There are 2 protein chains.
Amino acid sequence: MRRIVAHRTKNLIASFSRRSLVFEHRFSSFPEPSSSGMSSTESTSPVTVETINPKVLKCEYAVRGEIVTQAQHLQQELQTKPGSHPFDEILYCNIGNPHSLGQQPITFFREVLALCDHPNILDRSETQGLFSADAIERAWQILDQIPGRATGAYSHSQGIKGLRDTIAAGIAARDGFPADPNDIFLTDGASPAVHMMMQLLISSETDGILCPIPQYPLYSASIALHGGTLVPYFLDEATGWGLEISELKKQLESAKSNGTAVRALVVINPGNPTGQVLAEDNQQEIVEFCKKEGLVLLADEVYQENIYVADKKFHSFKKVSRSMGYGEKDISLVSFQSVSKGYHGECGKRGGYMEVTGFRADVREQIYKVASVNLCSNISGQILASLVMNPPKVGDESFESFSAEKEGILSSLARRAKILGDAFNSLEGVTCNKAEGAMYLFPRLHLPQKAIEAAKAAKKAPDAFYAQRLLNATGIVVVPGSGFGQVPGTWHFRCTILPQEDKIPAVVSRLTAFHQEFMAEFHD
Amino acid sequence: MRRIVAHRTKNLIASFSRRSLVFEHRFSSFPEPSSSGMSSTESTSPVTVETINPKVLKCEYAVRGEIVTQAQHLQQELQTKPGSHPFDEILYCNIGNPHSLGQQPITFFREVLALCDHPNILDRSETQGLFSADAIERAWQILDQIPGRATGAYSHSQGIKGLRDTIAAGIAARDGFPADPNDIFLTDGASPAVHMMMQLLISSETDGILCPIPQYPLYSASIALHGGTLVPYFLDEATGWGLEISELKKQLESAKSNGTAVRALVVINPGNPTGQVLAEDNQQEIVEFCKKEGLVLLADEVYQENIYVADKKFHSFKKVSRSMGYGEKDISLVSFQSVSKGYHGECGKRGGYMEVTGFRADVREQIYKVASVNLCSNISGQILASLVMNPPKVGDESFESFSAEKEGILSSLARRAKILGDAFNSLEGVTCNKAEGAMYLFPRLHLPQKAIEAAKAAKKAPDAFYAQRLLNATGIVVVPGSGFGQVPGTWHFRCTILPQEDKIPAVVSRLTAFHQEFMAEFHD
């Protein structure tokens, strides 16, 4: 039995290596996450990597992978031995985590959350001096929507009905088309929602999900964990990460001819890691394609507030499909939203939702059932999701300060996207599409042959080699493009635009200096 | 292909029916969760119950199943047509959700959470008047443990290190043995932690997990979702839901002879739905059994604070195994804890953790990787988990009021457990073991033959039939025993002890009156 399992694992590794043309990883190099002083290494546990679920082994998530673990080690060293490295802090540009880099929360949102956490103070006179009047009023409104005002109770498995009403109204106001609170499933961030849909749609490895390449690796990880097949479609870097229907068709046909039943199409708009914002006519083509091919459209729309260029606008796929005259019976569409992104960036709250439309009633019941096994998502995250979809309005006491905070963050992000994009493009051997939206740049590295050979000697993908050197020289953490997938033979990395604006000049100069030295070292 | 899938589903239904000796469900009767007015029923979506993941179809979770959906409908009717039913409110005794039935939160915990949500007020003078001094101090301590004091940032994938330090210290104080913060994985309640372990341990249906019958249906649901086999061991109702090692051995051997590789043993202590508290020597036998048989011990210890009898005490399996001299290398043990239970019952906060000990380093890395795909659990839940494991101490300003709140809740729960248990035992044809701990009673129904026949005619399991009648007559919601599993031919239901104490007399009298009428109607 042991031999059979070992053999299975070996095959897995082999098949994994074949995939590595797109995803250049080696899980054998996955680092120890935490240096437990305990004797876990001595364990004679019957559980071994040969006997655990091979889908777990296969799953990869580079955004928190090896490079981040190394960064954490460096950070510890900086604390215990200041001056031990040529930088005095680690700059985590690996992950869309704005508050970790100093972004401040939106005051109104936090006021309401605090009041809902401790409603006993709502009636106290001191509270009037500490909190804005509309935050107090909003807290009362929300509490009145919660049965028994019990923020400490499990809610309905889809989330508190009153909050779903608010969110549905927010969606309707955004799109100009109605939204049904019964279509909303509140979740602990968007990730569990994506897992839930993958769990529903994937029965075996013959079930395929069309995913953009490059993609946010939640998708590849979730597909791997659920044992399906990622069917890649390549975004066109030359046209600003364009999404071509011809490419979708080609990959769909290719997958079909290999015996893969393609169940869904993932579209990330605005793009992660690629930052492009889809044009409405392109979205119409995508809707048409899904309708024609009978694919569920999984629309990752978590960056819907993050648009940085004047000539682009976010359109939800729901709005686009309804504008085309397509309703419930025409297209199965799931839109994912999160409180972690936008101008607020409340990653730690783990709030989000999916809007599930165009599914048969009996299938929807199955989604509800799976949601009910986990009881509900966290109530603070639910409340925050309702605030995000219904922020202060003109005339509210907080409106002016709220708007100033919001616009301050968004305009600063736009400036940072521009400055960093320009900086990348000014480097020798680097080209970078602009970030029209989202929180990332995904520059391409045109590396000298010597650097590629040095990477090979170090048993690393060239972009991982570069990212490693960058970290060690500057303390800047980026994620190698291989973690997102890329056209074979091309090399990239993802860098967030999130360092605070006063740090951007230092980031640019450290990065530039490093790159010049790197290129000089490996010049052909 | 469609025919093959339909055939597969049919087989699934057949194999499911075989299981139904223990779990008497029919998923065909799973109700519509939400009455969407939209046209989702009209959808011509390519996704059908025949094409979705059959593991999802197989999964059951009765705690929020049919009976609860019916209760929600009744509640709506009571709101729109007051007086339309012979009761004026629905009493949700189906789920361990204390705040939904009026239990108040622990003030100190909520103060700290509110201050961490909105730290801007920490320095304001009005705050001194609104919050206790030690809550303010604790909030500062916690904020200082969070990098950049950013409660809005994703944390380390296992949770904030400082909070894990606090939790580890709390475990060490509880057990008298050291705990390592690197062994702690903070999660959104205990459920995702259980899923994570099942995902790791289950590769296919030949992987078995030993589970108590009756069990909390998270386990059967999670095993079904991950495609494994639930290997049942029966608790002995005659000895107060005793856990016999001979039964474990018998079931393990039986599973092995059927080709099932048993990977882990689930023990729920205090028991859910059964309420027993294991004796220490029994726990030693269990540890010995797991060590000898090479099983991971999955210890559901979420009710560790909920003990209601003087002659029983909670001992963690970690403490028991360490007391026996067994360390990391001897036994693989996962302990699950939640902020949803205990005296605080903060279900809506979705906080919890698992302590993972005795695993090989390379397997632990895989657990870390899976945790990292979901980034982190919600920070409020993380903070609350640290508070639960390190509540106010003697000398702290809040200690006296905290203790009064805590003892008030626990002593009231003990009284309610006694009164409801006595009430069940006073009913004709009902026997009920006492709730030594947890939040439930699991009375056995010795039903007249005529009632069993009437249930059969209504195409319901007899206990589901009883629970349905109880709901319609009294508004009291309980979960049929078939949702937890039971010895074939026996019938039970689970009823929480959570209605507020002033409502208990009415619950008892409504329940008694209903039962007498029911028995009179179906008397042989």
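By convention in this document, chain letters (A, B, ...) are assigned in the order of the sequence lines, proteins followed by strands, and residues within each chain are numbered from 1. This one's a predicted model, so the numbers in the text were calculated from it and none came from an experiment. Only heavy atoms go into these numbers, but all of them, side chains included; no hydrogens, no water, no symmetry mates.
Residue contact with chain B, scored on non-hydrogen atoms closer than 4.5 Å, is absent for A:S125. Of the two parts of B:S155, only the backbone, made up of N, CA, C and O, holds a non-hydrogen atom closer than 4.5 Å to a non-hydrogen atom of chain A. For B:F109, no part lies near chain A; criterion is any non-hydrogen pair under 4.5 Å. Contacts of A:L375 with chain B are made by both backbone and side-chain atoms, with heavy-atom separations under 4.5 Å.
Counting only N and O atoms by type, the side chains of B:T151 and A:R110 include a donor and acceptor under 3.5 Å apart. Donor-acceptor pairing under 3.5 Å is recorded for the side chains of A:R263 and B:T51.
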For residues 111-122 of chain B, which side-chain donor-acceptor pairs fall under 3.5 Å, sequence neighbours excluded?
from, atom 1, to, atom 2, distance (Å)
B:E111, OE1, B:S132, OG, 2.7
B:E111, OE2, B:S132, N, 3.1
B:D117, OD1, A:K349, NZ, 2.4

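Residues B:Q72 and A:H156 are in side-chain contact: their nearest non-hydrogen atoms beyond the backbone lie under 4.5 Å apart. A 4.5 Å side-chain heavy-atom check between A:H99 and B:Y154 finds every atom pair outside the cut-off. By the 4.5 Å heavy-atom criterion applied to side chains, A:V49 and B:V363 are counted as neighbours.
Pairing each heavy atom of A:N53 with each of B:Q199, the nearest pair is ND2-O, 2.9 Å. Minimum interatomic distance between B:K329 and A:T44 (heavy atoms only, all atoms of both residues): O-OG1, 2.5 Å.
Between chain A and the residues B:L225, B:V370, B:D207, the most heavy-atom pairs under 4.5 angstrom are made by B:L225. Across B:R350, B:Q103, B:Q104, B:H344, the residue that shares the most heavy-atom pairs under 4.5 angstrom with chain A is B:R350. When each of B:V194, B:V296, B:L201, B:I202 is checked for heavy-atom pairs under 4.5 Å with chain A, B:I202 comes out on top. Across B:G102, B:S332, B:P192, B:G189, the residue that shares the most heavy-atom pairs under 4.5 angstrom with chain A is B:S332. Between chain B and the residues A:S377, A:P217, A:S380, the largest count of heavy-atom pairs under 4.5 Å involves A:S377. Options B:G381, B:S100, B:G227, B:G348 differ in how many heavy-atom pairs under 4.5 Å they form with chain A, and the most are formed by B:G348. Highest contact tally toward chain A, considering only B:A221, B:S157, B:P105, B:A264, is held by B:S157 [criterion: heavy-atom pairs under 4.5 Å].
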Legend entry - A:V373 and B:C59: CA distance, side-chain angles, deciding distance, side-chain contact (heavy atoms from CB on, under 4.5 Å) verdict: CA-CA 9 Å; A:V373 175; B:C59 156; 3.8 Å; yes
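Atom CD of B:E328 and atom OG of A:S45 lie 10.0 Å apart (nearest 0.5 Å). The distance from atom SG of B:C347 to atom CG of A:N378, rounded to the nearest 0.5 Å, is 13.0 Å.
Residues satisfying the side-chain contact (heavy atoms from CB on, under 4.5 Å) criterion with B:N374, sequence neighbours excluded, are A:S191, A:H195.
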